Amino acid sequence: MFERRSIKWPVILGVVMILLVVTLTVGWVILTVIGGLKDPESAPIYWVSLSIGAVLLVCMLAGVIVYLTVTVKAIKLNQRQSNFIDSVTHELKSPIASLKLYLQTLSRRQVTEEQRQDFHRFMMEDVERLDNLINHLLDAARLDREAEPNPAEDCRVDQILNQCAHAVCLRYRQPLETVTVHAEPAMITAPPVDLGILFRNLIDNAVKYSGSPPEVIVRLRPMSAGKLCIRITDNGPGIPKELRRRIFGRFIRVGNELERAKPGTGLGLYLVRTLVKSLRGTIRVEDRRGTTGTEFEVILPGLRIEPPENEPPEQSHVAPTALL
């Protein structure tokens, strides 16, 4: 299929066409220069022909290069969209099949009260999985449309990080100590919903691809010049250097979607990169220091604050919907 095919042959054809155009250009220049030197009386005609021909051949060369670039991008986009369709189909089919099985069991058999409660819990988890998928797609569509941004507020980043860590641990049914948060009180003026999406996706990604047992460390520290540094570290296998730029692309997931064990759509890190740029920040990926794992570093404009003495550390100003 077209969306599955390799870009090898279009690249080879493009390179061959570029070499032919370059060869034709060089040959034209050499022949025109020789003709102009041998026939001084007709030299002006040769020089004019040389100028016109060289310009046209350079335009042809530029056109071939642009066409090759567009073709490669189109094939890669088709491949990413195909991966996206595979992943979304899997993400939709799995919870729906699970829900169907539990509902059929409840309608056709007598089950104990304990089993009924377990079935309800499993079905609720499947519904939440579908809800997370739909929210991901809606967030990506909103950012792609460049819609009106959400209103900015003064947000306590340390509290958002704690809430996101708590929500991710509950989602993956991991102990709360799976994600350790070391965060100094700090404030960012930004849409709270966007901050929730940003940090939830990073922590979710860290827990999902961590080792066994998962271990994620989140650190927040203020920097000079009104900047905040947030580092999210996991103990997973790490990300190869050649893939660290690609993982922030839309629909990008490493490997074959049909053989993948981890759920996802390839939109999480795309949302992260887009939101970091909209918040005038930067993000980078590097290896975990001293051991295996990956570390995401996000730098955003913000300030360290002194929390009120009567304010509990776990209290948050973020609306619960920001973490859904």
Side-chain angles (χ1 to χ4, degrees), residues 139 143 149-169 177-207 209-210 215-236 238-239 241 243-248 268-309 311-319 322-323:
D139 292 336
L143 295 175
N150 293 315
E153 302 175 14
D154 290 336
C155 304
R156 284 282 299 274
V157 190
D158 53 311
Q159 295 172 351
I160 295 178
L161 289 172
N162 278 289
Q163 284 198 356
C164 291
H166 184 82
V168 171
C169 289
E177 57 269 19
T178 298
V179 182
T180 305
V181 180
H182 303 286
E184 299 183 33
M187 188 81 72
I188 289 180
T189 302
V193 173
D194 291 353
L195 289 177
I197 294 172
L198 166 60
F199 295 125
R200 185 195 64 226
N201 275 290
L202 282 175
I203 296 174
D204 182 283
N205 197 72
V207 172
Y209 295 105
S210 279
E215 176 188 324
V216 177
I217 302 174
V218 180
R219 293 184 175 89
L220 164 64
R221 64 178 179 85
M223 304 172 64
S224 58
K227 299 286 186 179
L228 298 177
C229 178
I230 302 98
R231 292 177 177 268
I232 298 175
T233 308
D234 63 55
N235 64 335
I239 302 174
K241 290 184 178 180
L243 298 178
R244 290 178 187 174
R245 292 179 61 89
R246 293 184 57 226
I247 58 174
F248 293 104
L269 291 179
Y270 167 75
L271 292 173
V272 166
R273 185 196 63 176
T274 305
L275 289 171
V276 168
K277 290 176 63 177
S278 70
L279 296 172
R280 295 175 288 110
T282 60
I283 183 170
R284 67 174 184 173
V285 188
E286 56 188 20
D287 291 329
R288 183 178 182 180
R289 296 176 178 85
T291 182
T292 59
T294 304
E295 183 174 82
F296 284 81
E297 180 188 78
V298 178
I299 297 178
L300 296 173
L303 296 171
R304 184 183 185 278
I305 64 171
E306 293 293 339
E309 295 181 359
E311 180 179 323
E314 67 277 8
Q315 186 179 349
S316 175
H317 297 154
V318 183
L323 302 177

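By convention here, the first residue in the shown sequence is residue 1. Remember, it's a predicted structure, so these values are computed and weren't measured experimentally.
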[Y] and [X], any side-chain heavy atoms less than 4.5 Å apart:
X      : Y      : result
Leu228 : Leu220 : yes
Val179 : Val207 : yes
Arg221 : Arg219 : no
Leu269 : Leu202 : yes
Pro222 : Glu184 : yes
Phe296 : Asn205 : yes
Ile299 : Met223 : yes
Ile188 : Ile160 : no

Point-to-point distance, once rounded to the nearest 0.5 Å, from [atom1] of [X] to [atom2] of [Y]:
X      : Y      : atom1 : atom2 : value
Ile247 : Arg273 : CD1   : CZ    : 10.5 Å
Leu161 : Ile230 : CG    : CD1   : 6.5 Å
Phe199 : Leu275 : CZ    : CG    : 10.0 Å
Ile217 : Ile203 : CD1   : CD1   : 12.5 Å

Provide the closest heavy-atom pair for [X] versus [Y] in the form atom of the first, atom of the second, distance.
X      : Y      : value
Cys169 : Thr178 : SG-CB, 4.2 Å
Leu303 : Gly226 : CD2-CA, 4.0 Å
Cys164 : Arg200 : SG-N, 3.7 Å
Leu195 : Cys155 : CD1-CB, 3.8 Å
Thr180 : His182 : CG2-NE2, 3.3 Å
Thr294 : Arg288 : N-CB, 4.1 Å

- Message: Determine whether a donor-acceptor pair (N or O, by modelled atom type, separation under 3.5 Å) exists between the side chain of Asp194 and the backbone of Ala190.
- Response: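 A pair under 3.5 Å: no.
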
- Message: Can you tell whether the side chains of Asp287 and Arg244 come within less than 4.0 Å, N to carboxylate O?
- Response: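 Yes, Asp287 and Arg244 are salt-bridged.
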
- Could you go through the side chain to side chain contact (heavy atoms under 4.5 Å, CB included) check for Cys229 and Glu297 one step at a time? CA-CA 7 Å; Cys229 178; Glu297 180 188 78; 3.7 Å; yes

- Item | Arg231 and Glu286: CA distance, side-chain angles, deciding distance, salt bridge (charged side-chain N to carboxylate O under 4.0 Å, His left out) verdict | CA-CA 11 Å; Arg231 292 177 177 268; Glu286 56 188 20; 3.2 Å; yes

